[in-house]
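These notes concern the structure reproduced below.
Each chain gets a letter, A, B and so on, in the order its sequence line appears, and its residues count up from 1. Nothing here was measured: the structure is a model prediction, and the numbers come from that model.
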Number of protein chains: 2
Amino acid sequence: MKSMSSTSDKILDIAQSLIVAGGYNGFSYADISAAIGIRKASIHHHFPAKAELVAVLVDRYTKQAEAGLQSLRERAASPADQLQFYIDYWRSCIENASQPFCVCAMLASEMQMLPDEVASRVRAHFQNLAAWLTSVLQAGVEQGLLRLDRRPEEQAQMLMASVHGAMLSTRALGDPGLFIAIVGPEIARLRGA
Amino acid sequence: MKSMSSTSDKILDIAQSLIVAGGYNGFSYADISAAIGIRKASIHHHFPAKAELVAVLVDRYTKQAEAGLQSLRERAASPADQLQFYIDYWRSCIENASQPFCVCAMLASEMQMLPDEVASRVRAHFQNLAAWLTSVLQAGVEQGLLRLDRRPEEQAQMLMASVHGAMLSTRALGDPGLFIAIVGPEIARLRGA
DNA sequence: CATAACCTTCCTACTAGTAGGTAGACAAAA
DNA sequence: TTTTGTCTACCTACTAGTAGGAAGGTTATG
């Protein structure tokens with residue numbers, strides 16, 4: 001059994017952290033090469049083109065996210081707790097700086113100049129996340145645990161925007177605590193103020 | 001009387017629209033050159049280095065924004081109306097595609113790899129905007145026109161995040177109507193549900 | 001007035017360095 | 001032996017930035 005991660009996984013890991021830092025145009029094959037001690041040409045062996053690399057990366061990210069959200073749904077007792085765990089996940093990512101921004105949020109800002117194969121996947125992730133939030137909010141309403149003043153799908157979009165906007169302000173102002181200061185009250189209000 | 005804009009203004013105009021589309025690393029002197037029919041070297045005459053160009057651009061943007069927000073404060077009758085005009089401004093920018101994203105929000109996402117002279121100015125813009133929103137919310141509370149369930153400065157950060165997040169979702173999902181669908185209810189709730 | 005000096009703006013032509021990407025050799029493993 | 005992964009060496013296109021000069025206007029001086 002080889003528990004070490006494969007080269008292509010390492011490439012994707014580094015590329016992901018570089019994208020989180022600077023977006024699609026903010027990294028190069030040379031950066032990855034330097035980070036994992038492999039030649040540029042070897043990266044091209046695994047991922048012939050940059051657009052393809054990022055498309056695979058977003059696919060992987062979306063799958064991981066979907067699995068995480070799904071398991072959250074199974075483990076967390078109530079819809080309210082599911083929301084809480086969701087934002088707690090991001091809070092810890094931001095506070096320990098392991099991943100201070102969502103890959104797809106980062107790429108979404110550059111949407112207009114992303115290769116089609118990447119842009120469509122980023123859009124899909126937004127749809128997935130909105131759908132998950134919608135269904136959690138919906139369930140919360142049905143169980144009488146959440147109080148919404150809008151339709152679940154609208155409220156889901158509002159919440160998603162709040163989360164992404166909070167990441168942006170956190171980064172712009174360099175204050176890790178700002179994320180939870182923004183998103184926390186939003187969740188609290190949904191719980192029924 | 002010369003009503004035509006100067007070359008350096010044209011350079012900044014184009015650079016701004018290119019940054020809105022693709023961020024700091026998403027444009028080059030060659031792009032500007034092609035857009036306004038001037039050689040690259042001539043752009044370097046006006047702005048010796050890219051970091052300087054963008055720093056000047058952000059200064060100009062911040063001044064324009066500050067002037068706009070200030071005049072909004074003087075013209076709009078109530079704090080509630082001031083908020084409404086603020087989001088209406090962005091709604092029209094997004095709907096007619098004249099400027100579908102805030103320059104500083106775009107740059108903020110790349111914060112970690114921005115030259116210092118740019119990063120500090122972007123941070124300043126976030127502080128300015130937060131301060132303006134805070135004071136408007138504060139005034140709304142004092143006049144009994146707005147109902148906040150948090151301190152004005154917290155509520156201002158929440159609103160700012162909502163606006164930026166709404167821009168991001170709008171872009172990611174390619175749905176211009178999404179902006180107002182997200183931000184509208186947020187304002188409505190502040191007005192007192 | 002004439003003219004010399006200067007300043008601004010733009011140009012052509014260039015540099016060093018980096019981008020993504022390719023060709024082919026080599027070694028090790030299946 | 002064929003496949004897989006890595007390498008060296010290279011390519012073309014593009015990056016920011018520089019050197020030096022031409023054209024035109026402005027200002028100072030004779």
Side-chain angles (χ1 to χ4, degrees), chain A residues 1-58 60 106-107 110 112-119 121, chain B residues 1-19 21-58 106-107 110 112-119 121:
Chain A
M1 59 177 287
K2 36 164 70 177
S3 64
M4 55 169 262
S5 63
S6 70
T7 301
S8 58
D9 280 339
K10 275 190 251 175
I11 292 171
L12 291 175
D13 290 342
I14 294 294
Q16 184 160 326
S17 72
L18 290 170
I19 287 174
V20 165
Y24 187 88
N25 291 314
F27 82 101
S28 71
Y29 274 42
D31 295 328
I32 301 173
S33 163
I36 64 179
I38 197 182
R39 299 295 121 181
K40 271 197 318 167
S42 306
I43 303 171
H44 279 286
H45 167 73
H46 295 278
F47 305 100
K50 190 181 185 183
E52 187 178 323
L53 190 163
V54 177
V56 170
L57 184 155
V58 174
R60 188 184 73 151
M106 195 68 201
L107 291 171
E110 302 175 282
Q112 300 191 348
M113 34 174 54
L114 248 33
D116 288 351
E117 50 198 314
V118 177
R121 285 168 167 84
Chain B
M1 58 178 287
K2 33 163 75 178
S3 65
M4 55 169 262
S5 63
S6 70
T7 300
S8 60
D9 280 339
K10 274 189 252 177
I11 292 171
L12 292 174
D13 290 343
I14 295 293
Q16 184 161 327
S17 72
L18 290 170
I19 288 174
Y24 187 87
N25 292 315
F27 81 101
S28 72
Y29 274 42
D31 295 328
I32 301 173
S33 163
I36 63 178
I38 197 182
R39 298 297 120 182
K40 267 195 328 162
S42 306
I43 303 171
H44 277 287
H45 166 72
H46 294 279
F47 304 100
K50 191 181 184 182
E52 186 178 324
L53 191 163
V54 178
V56 170
L57 185 154
V58 174
M106 195 70 200
L107 292 172
E110 302 175 282
Q112 301 190 347
M113 35 173 54
L114 247 32
D116 289 349
E117 50 199 313
V118 177
R121 286 168 167 85

To the nearest angstrom, the CD1-C1' distance between A:Ile43 and D:dT4 comes to 17 Å
Quick note, B:Tyr29 side chain, CB onward, closest among D:dA9, C:dC11, D:dA16 is D:dA16
Query raised in the report: Closer than 4.0 Å, any side-chain N/O of B:Ser42 to the OP1 or OP2 of C:dC11?
Result: yes
- Query: Could you walk me through whether A:Arg60 and A:Asp13 pass the salt bridge (charged side-chain N to carboxylate O under 4.0 Å, His left out) check?
  - Reply: CA-CA 10 Å; A:Arg60 188 184 73 151; A:Asp13 290 342; 3.0 Å; yes
B:Asp31 CG to D:dA16 P, in whole Å, measures 8 Å
Atom NE2 of A:His44 and atom C1' of D:dC7 are separated, to the nearest Å, by 14 Å
B:Lys10 atom NZ is separated from C:dT9 atom P, nearest whole Å, by 13 Å
Between NZ of A:Lys50 and P of D:dC14 the distance, given in whole Å, is 15 Å
Quiz item: So do the side chains of A:Leu107 and A:Val54 get within less than 4.5 Å of each other, counting heavy atoms only?
Solution: yes
NA contact type, B:Phe27, heavy-atom cut-off 4.0 Å: base, sugar-phosphate, or nothing? sugar-phosphate
### Task
For B:Ser33 and B:Ile38, indicate whether the former's side chain and the latter's backbone hold a donor-acceptor pair under 3.5 Å.
yes
query: Hey, is the side chain of A:Thr7 poking within less than 4.0 Å of OP1 or OP2 on D:dT6, counting only N and O atoms?
result: yes
Between CZ of B:Phe47 and C1' of D:dG17 the distance, given in whole Å, is 16 Å
B:Arg39 CZ to D:dA19 C1', in whole Å, measures 18 Å
Query raised in the report: What is the nucleic acid contact for A:Ser28, judged by heavy atoms within less than 4.0 Å: base, sugar-phosphate only, or nothing?
Result: sugar-phosphate
Of A:Ala30 and A:Ala41, the one whose nearest nucleotide on DNA chain C sits closer to the 5' end is A:Ala30
query = With side chains defined as the heavy atoms from C-beta onward, is the minimum distance between B:Gln112 and A:Val20 less than 4.5 Å?
reply = no
- prompt: Do the side-chain N or O atoms of B:His46 get closer than 4.0 angstrom to the phosphate oxygens (OP1, OP2) of C:dC10?
  reply: yes
From CG of A:Asp9 across to C1' of D:dG5 the rounded distance in Å is 15 Å
So NZ of A:Lys40 and CG of A:Asp31: to nearest 0.5 Å the spacing works out to 10.5 Å
Taking for A:His45 and for A:Lys40 the nucleotide of DNA chain D with the nearest heavy atom, the one nearer the 5' end belongs to A:His45
